[in-house]
Amino acid sequence: MMSWLVWLVCCLPLGLGFWQAASGALGPDPGKALVLFAGIGALRLLLLTLAIASIARWLGPHWPWVRRGLRARRALGLAVFAYASCHLLLAVVFVLGTSWPAVSEAVLQKPYVLLGLAAWLMLTPLALTSTDGMVRRLGRRWKRLHRLIYPAAILVILHFVWLVRSDYGQPLFYGLVLFLLLADRFMHERKISAGSR
């Protein structure tokens, strides 16, 4: 029940964004505004999903809200995929053009499109295997598969940096946050590896 509630709360701003676009509150180009809104939302939720594990290591899992956060990670991951899928769909409709030749040309000629598509393709199997049944079925392979979130996050940052072309402050800030989270993960795994020798 909590997972569904987390997912709905995370997706509520996206629904609000669509409502604002329909009411004309997003300016003269609401389609492009929605594309950016969904993309930034996906990135923020992705970083939040990664940050929960680091916060749990720093503070310890005994805090009730930390335990709830750990249980909510899969719901957050599904919200990331929902935002990323909306970002992709909206980009095809409002930016790239809905025809297959226009989309394929953009993928081949615009590296940021290719990076974003590659990140979405990495997130897809994570969303498809997020159920309890798939966790049991895959066993240890589930954790290995879900490590795809790390290269996917790097590709998302590169996609953002390549997309803006100027005013790199926002993507570099998110890139710094990702770097710190990945560094924390690397140090944690290194500590585990050293302790098992």
J.: Side chains of L90 and F18: does their closest heavy-atom pair fall under 4.5 Å?
T.: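 Yes, their side chains come closer than 4.5 Å.
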J.: For T129, enumerate each residue passing the side chain to side chain donor-acceptor pair (under 3.5 Å) test, keeping only those at least two apart in sequence or located in another chain.
T.: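 So T129 forms a side chain to side chain donor-acceptor pair (under 3.5 Å) with H146.
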J.: Checking R185 now: which residues fulfil salt bridge (charged side-chain N to carboxylate O under 4.0 Å, His left out) with it, not counting sequence neighbours?
T.: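 By the salt bridge (charged side-chain N to carboxylate O under 4.0 Å, His left out) rule, R185 matches E189.
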J.: Shared ILVMFWY cluster between L117 and L108, side chains joined below 4.5 angstrom?
T.: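 No, because L117 and L108 fall into different hydrophobic clusters, even though each may have its own neighbours under 4.5 Å.
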J.: Which residue pairs pass the salt bridge (charged side-chain N to carboxylate O under 4.0 Å, His left out) test with at least one member in residues 118-143, sequence neighbours excluded?
T.: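 Output for this query lists R74-D132.
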J.: Please report the closest heavy-atom contact between L76 and C10, naming both atoms and the distance.
T.: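 Taking L76 first and C10 second, the nearest heavy atoms are CD2-SG, 3.4 Å.
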J.: If I compare all heavy atoms of M134 with all of W142, which pair ends up nearest, and what's the gap?
T.: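 Closest approach of M134 to W142: O-CD1, 4.2 Å.
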J.: If two hydrophobic side chains count as joined below 4.5 Å and joins carry through other members, does L78 share a cluster with L128?
T.: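 They do not share one cluster, since no chain of ILVMFWY contacts under 4.5 Å joins L78 to L128.
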J.: Group every Ile, Leu, Val, Met, Phe, Trp and Tyr by side-chain heavy-atom contacts under 4.5 Å, then state whether L46 and F179 land in the same group.
T.: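 As far as the 4.5 Å side-chain criterion goes, F179 and L46 are not connected within one cluster.
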J.: If you take all heavy atoms of V164 and D167, which pair is closest and at what distance?
T.: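 It is CG2-O, 4.3 Å.
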J.: Consider only side-chain heavy atoms of I, L, V, M, F, W and Y, link residues closer than 4.5 Å, and tell whether I154 and L176 are in one cluster.
T.: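 Per the 4.5 Å side-chain linkage, I154 and L176 are not co-clustered.
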J.: Roughly how far, to the nearest 0.5 Å, is CG of L43 from CD of Q170?
T.: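 The CG atom of L43 is 8.5 Å from CD of Q170, to the nearest 0.5 Å.
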J.: Which residue pairs satisfy the salt bridge (charged side-chain N to carboxylate O under 4.0 Å, His left out) criterion with at least one member in residues 104-124, sequence neighbours excluded?
T.: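 Passing the test, one end in residues 104-124: no pairs.
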J.: To the closest 0.5 Å, what do you measure between CD1 (I55) and CG (L50)?
T.: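 Here the rounded value is 11.0 Å.
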J.: So how far is it from L36 CG to H87 NE2, rounded to the nearest 0.5 Å?
T.: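 Taking CG in L36 and NE2 in H87, the distance rounds to 8.0 Å.
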J.: Applying side-chain contact (heavy atoms from CB on, under 4.5 Å), run through F160 and I157 and close with a yes or a no.
T.: CA-CA 5 Å; F160 195 9; I157 294 294; 5.6 Å; no
J.: Looking only at atom types and distance, does a side-chain atom of Y83 sit under 3.5 Å from a main-chain N or O of R44, one as donor and one as acceptor?
T.: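 Side chain of Y83 to backbone of R44, a donor-acceptor pair under 3.5 Å: no, none is there.
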J.: What is the minimum heavy-atom distance between A79 and L45, and which atoms define it?
T.: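 Closest approach of A79 to L45: CB-CD1, 3.9 Å.
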J.: State, to 0.1 Å, how close L14 and C86 come at their nearest heavy-atom pair, and which atoms those are.
T.: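 What the structure gives for the nearest pair is CD2-SG, 3.6 Å.
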J.: Tell me every residue that passes side chain to side chain contact (heavy atoms under 4.5 Å, CB included) with V9, counting only those two or more places apart in sequence or in another chain.
T.: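 For V9, the residues satisfying side chain to side chain contact (heavy atoms under 4.5 Å, CB included) (neighbours in sequence not counted) are L5.
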J.: Any link between V95 and V107 through a network of hydrophobic side chains (Ile, Leu, Val, Met, Phe, Trp, Tyr) touching at under 4.5 Å?
T.: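 Yes; V107 is reachable from V95 via cluster members.
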J.: In a table with atom names and distances, give each donor-acceptor pair under 3.5 Å that connects a side chain of residues 119-127 to protein atoms at least two apart or in another chain.
T.:
from: W120; atom 1: NE1; to: S85; atom 2: OG; distance (Å): 3.0
from: T124; atom 1: OG1; to: W120; atom 2: O; distance (Å): 2.9

J.: Might you point out which heavy atoms bring S54 and D184 nearest each other, and give the distance in Å?
T.: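 Nearest heavy atoms, S54 then D184: OG-OD2, 2.7 Å.
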J.: Can you measure from CG (L155) to CG (L148) and round to the nearest 0.5 angstrom?
T.: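 One finds 10.0 Å between CG of L155 and CG of L148.
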J.: Can you name the one residue among L180, V80, V177 that meets side chain to side chain contact (heavy atoms under 4.5 Å, CB included) with L47?
T.: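 Of L180, V80, V177, side chain to side chain contact (heavy atoms under 4.5 Å, CB included) with L47 is met by V177 alone.
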J.: Can you tell me if CZ on F186 sees more than 12 non-hydrogen neighbours from other groups inside 6.0 Å?
T.: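 Not buried by this count: 12 neighbours or fewer within 6.0 Å.
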